[in-house]
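So that the names make sense, note that chain A is the first sequence line, chain B the second, and so on, each numbered from 1.
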Amino acid sequence: DAGVIQSPRHEVTEMGQEVTLRCKPISGHDYLFWYRQTMMQGLELLVYFNNKAVMDDSGMPKDRFSAKMPNASFSTLKIQPSEPRDSAVYFCASSLGGQGGETQYFGPGTRLLVL
Amino acid sequence: GEDVEQSLFLSVREGDSSVINCTYTDSSSTYLYWYKQEPGAGLQLLTYIFSNMDMKQDQRLTVLLNKKDKHLSLRIADTQTGDSAIYFCAEIYGGSQGNLIFGKGTKLSVKP
């Protein structure tokens with residue numbers, strides 16, 4: 001398997017623009033996670049899905065962020081409008097199950113810079 | 001709330017052992033993890049330990065868990081320059097992967 005695939009790998013945009021990040025999980029994995037990594041906050045969970053349904057999005061700023069998983073092999077994280085404080089590396093991860101002892105497999109990340 | 005603390009930097013010489021330490025707050029954590037992040041890449045699971053274990057060894061890696069002190073350590077024997085990376089400690093609370101809390105990471109630098 002190719003692992004978790006994310007696109008784009010790098011994104012530079014201007015404040016106020018819409019940004020869409022994409023993720024393809026490992027085939028057969030029922031769980032998908034979106035994380036944000038910054039120097040100050042470290043790694044934060046934004047939202048996660050189980051079988052395409054949102055399980056917890058309490059870490060996601062709802063006013064400007066939205067996450068969808070229209071099918072088992074694709075998810076998007078959208079930021080509209082983007083702000084400079086959204087600059088971070090966004091990781092998608094997937095796992096076979098959702099219990100302890102499972103392994104989350106991370107994608108390479110999307111490095112977002114909002115000017 | 002739940003918190004995971006790690007020192008930010010560690011520097012060792014090639015061939016020495018590295019010990020990366022971590023403390024966590026949730027006494028009900030069931031699994032504790034070590035992830036590795038190389039420059040420009042995502043996190044990769046190195047190893048994990050179940051809370052009823054004190055130690056786990058996997059080739060050059062040894063994980064020690066002190067539940068009383070809520071202290072976790074990762075020892076890398078015969079550290080190589082390829083081990084240079086950021087190492088993240090993480091705990092699960094509530095038994096769900098959705099409750100995986102990461103530390104800020106320890107940047108390991110290995111000098112030749």
Side-chain angles (χ1 to χ4, degrees), chain A residues 2-10 21 23-26 29-51 53-60 67 88-111, chain B residues 1-9 22-53 56 58 63 65 67 72 85-107:
Chain A
V4 176
I5 298 172
Q6 292 187 245
S7 64
R9 292 294 310 275
H10 302 272
L21 311 181
C23 175
K24 179 178 173 12
I26 292 173
H29 281 193
D30 287 336
Y31 286 78
L32 185 141
F33 307 82
W34 282 101
Y35 290 92
R36 175 171 62 185
Q37 185 180 39
T38 60
M39 290 293 292
M40 292 299 294
Q41 300 299 326
L43 210 61
E44 306 171 280
L45 178 68
L46 297 174
V47 59
Y48 81 99
F49 296 84
N50 175 21
N51 285 325
V54 173
M55 298 301 292
D56 186 353
D57 62 0
S58 58
M60 194 169 72
V89 182
Y90 291 80
F91 288 105
C92 176
S94 70
S95 66
L96 198 58
Q99 300 303 309
E102 293 285 348
T103 299
Q104 288 191 29
Y105 294 86
F106 282 73
T110 295
R111 193 170 296 269
Chain B
E2 293 74 15
D3 197 15
V4 177
E5 298 282 343
Q6 306 177 235
S7 53
L8 294 181
F9 301 99
C22 166
T23 57
Y24 59 96
T25 56
D26 187 7
S27 57
S28 65
S29 292
T30 51
Y31 289 88
L32 294 125
Y33 299 79
W34 285 104
Y35 279 81
K36 176 183 180 182
Q37 184 180 28
E38 296 182 352
L43 279 70
Q44 175 191 5
L45 180 67
L46 278 180
T47 186
Y48 67 87
I49 189 168
F50 188 53
S51 57
N52 68 353
M53 299 168 65
K56 182 178 180 181
D58 183 1
V63 178
L65 175 60
K67 283 191 70 177
L72 183 74
I86 301 176
Y87 291 81
F88 291 87
C89 172
E91 64 165 342
I92 274 199
Y93 70 93
S96 165
Q97 288 288 330
N99 297 328
L100 186 61
I101 304 297
F102 288 88
K104 292 249 171 67
T106 298
K107 185 172 182 179

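In this structure, Phe9(B) places its CZ atom where only 12 or fewer heavy-atom neighbours from other residues, nucleotides or ligands lie under 6.0 Å away. Other residues, nucleotides and ligands contribute only 12 or fewer heavy atoms inside 6.0 Å of the NZ atom of Lys107(B).
Chain A forms more heavy-atom pairs under 4.5 Å with one residue of Leu100(B), Asn99(B), Ile49(B), Thr30(B) than with any other, namely Leu100(B). By number of non-hydrogen pairs under 4.5 angstrom with chain B, the leading residue of Gln104(A), Gln41(A), Gln37(A) is Gln104(A). Between chain B and the options Phe33(A), Tyr31(A), Phe106(A), heavy-atom pairs under 4.5 Å are most frequent for Phe106(A).
Heavy atoms closer than 4.5 Å to chain A are found in both the backbone and the side chain of Leu43(B). Contacts of Gln37(B) with chain A are made by side-chain atoms alone, with heavy-atom separations under 4.5 Å and no backbone atom involved. Neither the backbone nor the side chain of Tyr105(A) comes within contact range of chain B; no heavy atoms are under 4.5 Å apart. No part of Gln6(A) comes within reach of chain B, as not one of its non-hydrogen atoms sits under 4.5 angstrom from that chain. When heavy atoms are compared at a cutoff of 4.5 Å, Tyr48(A) approaches chain B solely by way of its side chain, counted from C-beta outward. When heavy atoms are compared at a cutoff of 4.5 Å, Phe50(B) does not approach chain A at all.
When all heavy atoms of Gln97(B) and Gln99(A) are compared, the closest pair comes out as NE2-O, 3.0 Å.
Note: Glu102(A) CD to Tyr33(B) OH = 8.0 Å, rounded to the nearest 0.5 Å.
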